[in-house]
Q: 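Before I ask anything, let me first share the structure, which is written out below as structure tokens.
For this chain, numbers begin at 1 and follow the sequence in order.
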Amino acid sequence: MSLDLARRPAHRSRPSVSLPPPGPRRRGRPNVPAGVAATVWLLIVAVPVYFVVVTGFRTPDQYIGQGPLDLPTSPTLSNFTSLWDLGFTSYLTNSLIVAFGTVTLVLAVALPAAYAIVRNPNRTVRSMFNVFLLGLAVPAQAVIVPIYLIITRLQMYDTLLAIVLPTAAFSLPIAIVVLTSTLRDIPNELYEAMTVDGATAGRIFGRLVLPLARPGLVSVGIFVGLGAWNGFLFPLVLTQSDEQRVLPLGLWNFQSQYGTNVPGLMAAVVLSALPVLALYLFGRRHLLSGLAAGFGK
């Protein structure tokens, strides 16, 4: 018993460490230049939005007599109600059809193309990818005459399909670039694991690629949808009748030979911006993550 006690090392008391008393955390110095720059940028963005919204509730006489930033003395909804008599519902429906058709066509082509580029790194696929990259350098204004000739020979002039097809074609390069970078972030081990389990290429595409590519798909869909919604060149050149007009062309109805109905025009701008705002609020989280994945490499 005594030998065990002799061999056992003596217990050494650890020195007590005194912690400083809790106190208020020190805050970093405020970044004054960044705050000033943010305030200036907020004013630059907010003032035009305020002008557009406020002007939509004015009458033409109030728009001329009051200042541009003054609140309307007697707000009116006549500008918004008069839009329905000018065919605003038809323009809105056509814009929705064009935007939805363009997004659907681009996603249906871009995602399989991006999947083929990522999973088949041979020379032929690389050459096709370089061809898509060259499409980013070709502006629509440079080829509008050949597009007009092709559309007229296909007897699609003055139809909504004549707007959807060229808009989707010019949206494909950027969509393929973003989706290719998104699919490259998927680890190869996941593909190999599903291949070992006996999954076919179609099952891998549906069970693995589609769920993991959702942020990229949402970001591409929003970007392409905004481009189709705000498109002006193709509707101007490839359509003619009032039944096929979209919102950017419909805003011309507020312009006449002797003046422009600015309050009515601003009311139409407000209503045409609401679907875009709702789309952004719906997919803003996926938009940021998809853009970060698409341009991170």
Side-chain angles (χ1 to χ4, degrees), residues 52 56 79-111 113 131-132 134-176 220-262 264-279:
V52 171
N79 298 319
F80 295 92
T81 56
S82 63
L83 294 177
W84 313 114
D85 299 332
L86 298 174
F88 184 82
T89 305
S90 176
Y91 305 149
L92 180 63
T93 304
N94 292 337
S95 293
L96 289 174
I97 294 174
V98 170
F100 181 78
T102 303
V103 171
T104 303
L105 184 59
V106 168
L107 294 182
V109 176
L111 186 60
V131 170
F132 283 114
L134 289 176
L136 296 173
V138 180
Q141 293 81 1
V143 293
I144 188 61
V145 175
I147 291 175
Y148 173 79
L149 294 177
I150 293 173
I151 293 297
T152 52
R153 290 182 180 180
L154 293 176
Q155 297 181 358
M156 291 190 299
Y157 182 76
D158 199 18
T159 61
L160 296 181
L161 189 60
I163 306 174
V164 172
L165 293 180
T167 305
F170 279 90
S171 302
L172 272 177
I174 186 63
I176 291 177
V220 169
I222 293 176
F223 181 79
V224 173
L226 290 178
W229 185 267
N230 297 323
F232 184 79
L233 179 62
F234 292 141
L236 177 65
V237 177
L238 303 178
T239 59
Q240 184 178 6
S241 62
D242 292 337
E243 290 78 10
Q244 306 298 331
R245 280 190 175 183
V246 293
L247 278 175
L249 288 181
L251 297 180
W252 274 12
N253 289 340
F254 296 93
Q255 300 179 3
S256 62
Q257 183 179 1
Y258 302 101
T260 302
N261 184 7
V262 177
L265 180 61
M266 294 299 104
V269 170
V270 171
L271 291 182
S272 62
L274 291 180
V276 177
L277 181 61
L279 182 64

Q: Please enumerate all residues that pass side chain to side chain contact (heavy atoms under 4.5 Å, CB included) together with Phe232, with sequence neighbours excluded.
A: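 Only Leu236, Pro248, Leu249, Trp252 meet the side chain to side chain contact (heavy atoms under 4.5 Å, CB included) criterion with Phe232.
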Q: At what distance, to the nearest 0.5 angstrom, does CG of Leu92 lie from CH2 of Trp229?
A: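 So the gap between those two atoms works out to 5.0 Å.
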Q: Determine which pairs satisfy side-chain hydrogen bond (donor to acceptor under 3.5 Å, both in side chains) with at least one residue from residues 154-163, sequence neighbours left out, and list them in order.
A: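 Only Asp158-Ser241 qualify under side-chain hydrogen bond (donor to acceptor under 3.5 Å, both in side chains).
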Q: Using side chain to side chain contact (heavy atoms under 4.5 Å, CB included) as the criterion, list what pairs up with Ala175, not counting sequence neighbours.
A: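 For Ala175, the residues satisfying side chain to side chain contact (heavy atoms under 4.5 Å, CB included) (neighbours in sequence not counted) are Val106, Ala110, Val220.
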Q: Checking Thr93 now: which residues fulfil side chain to side chain contact (heavy atoms under 4.5 Å, CB included) with it, not counting sequence neighbours?
A: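 For Thr93 the side chain to side chain contact (heavy atoms under 4.5 Å, CB included) partners, ignoring immediate neighbours, are Thr89, Ile97.
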Q: Verify, without hydrogens or angle tests, whether Ser171 (side chain) and Val224 (backbone) share a donor-acceptor contact under 3.5 angstrom.
A: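 A pair under 3.5 Å: no.
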Q: Taking atom OH of Tyr91 and atom CD of Gln244, what is their separation to the nearest 0.5 Å?
A: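 With rounding to 0.5 Å, OH (Tyr91) is 11.5 Å from CD (Gln244).
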Q: Roughly how far apart are Ile151 CD1 and Leu161 CG, rounded to 0.5 Å?
A: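 Output value for this atom pair is 7.0 Å.
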Q: Checking Leu136 now: which residues fulfil side chain to side chain contact (heavy atoms under 4.5 Å, CB included) with it, not counting sequence neighbours?
A: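 Result, side chain to side chain contact (heavy atoms under 4.5 Å, CB included) vs Leu136: Leu133, Pro173, Ile174, Val177.
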Q: Can you find a pair of side-chain heavy atoms, one from Leu247 and one from Phe88, that are under 4.5 Å apart?
A: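 Yes. Closest side-chain heavy atoms under 4.5 Å.
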Q: Whether the side chain of Ser82 engages the backbone of Asn79 through a donor-acceptor N/O pair (distance < 3.5 Å, no angle test) should be reported.
A: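 It does hold such a pair.
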Q: Which atom pair, heavy atoms only, marks the closest approach of Gly56 to Met266?
A: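 Looking at all heavy atoms of both residues, the shortest contact is N-CB, 4.0 Å.
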Q: If you measure from CG on Asn94 to CZ on Arg245, what distance do you get to the nearest 0.5 Å?
A: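 Asn94 CG to Arg245 CZ: 11.0 Å, rounded to 0.5 Å.
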Q: Going from CG on Leu277 to OG on Ser272, what distance comes out if it is rounded to the nearest 0.5 angstrom?
A: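 Atom-to-atom, Leu277:CG and Ser272:OG are 11.5 Å apart.
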Q: Taking distance alone, no hydrogens or angles, what donor-acceptor pairs closer than 3.5 Å link side-chain atoms of residues 137-149 to residues at least two apart or in another chain?
A:
none

Q: Which atoms form the tightest heavy-atom contact between Pro166 and Ala162, and what is the distance?
A: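 Closest pair (atom of Pro166, atom of Ala162, distance): CD-O, 2.9 Å.
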Q: Closest heavy-atom contact between Leu105 and Ala168?
A: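 In this case the closest contact between Leu105 and Ala168 is CD2-CB, 3.7 Å.
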Q: Which atom pair, heavy atoms only, marks the closest approach of Thr102 to Val98?
A: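 What the structure gives for the nearest pair is OG1-O, 2.7 Å.
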Q: Roughly how far apart are Leu238 CG and Leu233 CG, rounded to 0.5 Å?
A: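 The distance works out to 7.5 Å.
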Q: Please report the shortest heavy-atom distance between Gly264 and Leu83, naming the atom on each side.
A: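 It is O-CD2, 4.0 Å.
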